[in-house]
Participant: 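My structure is below; once you've seen it, I'll send some questions.
Below, each value reflects all heavy atoms present in this structure, side chains not excepted, and no hydrogens, waters or symmetry copies. For ligands, and for the atoms within them, numbers begin at 1 and follow the listed sequence.
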Amino acid sequence: MVTFLSGGTGTPKLLAGADAVFDPAETTVVGNTGDDVVLGGHLVCPDVDTVLFHDGGVLDRETWWGIDDDTAETHEELRRLADEADLGSGPRFLPPERQTEGREIGRWRRFSGVAEFMHIGDRDRAVHVTRTSLLDEGQSLTEATRVLADAFGLERSLLPMSDEPVATLIHTPDGLQHFQEWWVGRGGEPTVEDVEFRGADDAATTDAVDAALDDPVVIGPSNPVTSIGPMLAVPGFEAALRETTVVAVSPFVGDEVFSGPAADLMAALGREPSTAGVADSYPFADAFVLDEADPTELDRPVVRTDTAIDGDDDSERVARAVAEALEVAG
Ligand code: GDP
């Protein structure tokens, strides 16, 4: 058995063509939930859903989120209504007193559905309605995720990192912004003063995650701040990683990031935005997979390959390097 820690892009891309190397039936994916939001009352789990949709064979592989060829009639009507009613188009994070009332899992991640600042397709929305309704019926997020995984026919087991709310909040000169407001709503433009994982101190790993962290762990190419950071902030998570074999794939080639806001976020937290900074962020990692053009020298074993993943052949090549790194590290 092997466990992958996943955000919404890098690890799903790595897993996409990795079946010949890591048997899906022997693989667990722990998904980041720090990016989750409650939007118009429905819990949306972007990182978990990318894996759900990918493994269910319906992912839009142009964007790496949402369902391929989904319609968006409800979303478009929400935009139209807000426009007609002069309610604007921006994210509408609810006021502080509304963040902590109602369903616990929505704490510090609640947005009004007015104008729906995130694009939610119609079939995609059915997943969020089902998930939220299962929570209403008394299931945990882990249980609700299992129900959805079964409905999509997943072979891999898919786990949220916690059943409790951990909200990734970005402190900016414009005020506090949930990660999704900062990234989707404001294009990652506001200056990052600090990143906070609100709720993490009071959150816990689940029994399923604890069991998964007993197996060798792979951190696919991920944003160390907003995809892996929320996991490490949950008490006991990092301690479990220190006890098992961990291999990480760099999301950088030297100081060049493949995509997304990882470099800016790392720099804002005083970390070097590079492979070296990623290695510093993962003191528990036993080995790394780096690009063959990456000049970084590390104090831990390294397996090199071309780490650009643009298709299933690339996934398989990087997955083979990961398997080799697990051998070296274990
Ligand atoms: P999210 O989409 O914000 O949840 O992002 P993830 O944490 O899943 O992953 C984003 C990271 O993956 C970014 O820092 C990218 O640099 C990295 N990434 C994206 N594509 C590739 C690729 O083809 N190869 C490698 N090595 N890293 C990649």
Side-chain angles (χ1 to χ4, degrees), residues 4-18 29-37 44-54 59-66 118 158 160-161 166 168 170 178-184 187-188 192 195 197 218-232 247-269 271-275 277-279 281-282 288-294 296 302-322 325:
F4 285 73
L5 307 186
S6 185
T9 312
T11 302
K13 279 171 76 178
L14 169 61
L15 286 170
V29 180
V30 176
N32 169 44
T33 59
D35 293 0
D36 294 4
V37 291
V44 179
C45 304
D47 289 355
V48 165
D49 285 347
T50 295
V51 177
L52 186 69
F53 296 161
H54 175 270
L59 181 72
D60 181 340
R61 287 183 61 156
E62 296 279 306
T63 55
W64 284 83
W65 53 263
M118 293 174 82
L158 177 58
M161 68 185 206
V166 177
T168 301
I170 311 290
H178 185 277
F179 173 74
Q180 298 294 0
E181 170 163 9
W182 177 78
W183 180 238
V184 178
V192 180
V195 180
F197 305 114
V218 178
I219 305 179
S222 303
N223 184 324
V225 179
T226 52
S227 291
I228 306 303
M231 300 188 200
L232 302 182
V247 162
V249 184
S250 180
F252 288 82
V253 178
D255 55 9
E256 292 290 324
V257 74
F258 277 90
S259 61
D264 287 350
L265 288 162
M266 289 175 77
L269 296 186
R271 298 186 203 165
E272 197 183 308
S274 65
T275 288
V278 173
S281 301
Y282 302 153
F288 288 85
V289 172
L290 303 188
D291 195 89
E292 52 207 6
D294 193 324
T296 315
V302 167
V303 173
R304 289 180 192 273
T305 187
D306 172 359
T307 61
I309 307 173
D310 291 317
D312 289 354
D313 291 349
D314 295 330
S315 307
E316 186 169 328
R317 180 189 60 249
V318 178
R320 287 200 191 285
V322 168

Participant: Is the side chain of Asp49 donor-acceptor paired with the backbone N or O of Val44 at a distance under 3.5 Å, no angle test?
Facilitator: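 Absent.
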
Participant: For a 4.5 angstrom cut-off between non-hydrogen side-chain atoms, does Asn223 reach Pro261?
Facilitator: yes

Participant: Just to be sure I understand the cut-off, which residues have at least one non-hydrogen atom under 4.0 angstrom from an atom of ligand 1?
Facilitator: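 These residues qualify: Gly7, Gly8, Thr9, Gly10, Lys13, Asp47, Pro221, Ser222, Asn223, Ser227, Ser250, Pro251, Val257, Phe258, Ser259, Ala262, Thr307, Ala308, Ile309.
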
Participant: Are Phe258 and Thr307 close enough that some pair of their side-chain heavy atoms sits under 4.5 Å apart?
Facilitator: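 They are in side-chain contact.
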
Participant: Within the structure provided, determine whether Asp60 and Trp65 are in side-chain contact (heavy-atom separation under 4.5 Å).
Facilitator: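 With C-beta onward as the side chain, the pair stays apart.
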
Participant: Compute whether any side-chain donor of one residue and acceptor of the other, for Thr275 and Ser250, lie under 3.5 angstrom apart.
Facilitator: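 On atom types as modelled, these side chains qualify, holding a pair under 3.5 Å.
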
Participant: Mind telling me whether Phe179 and Trp182 have parallel, tilted or perpendicular rings, with 30° and 60° as the class edges?
Facilitator: tilted

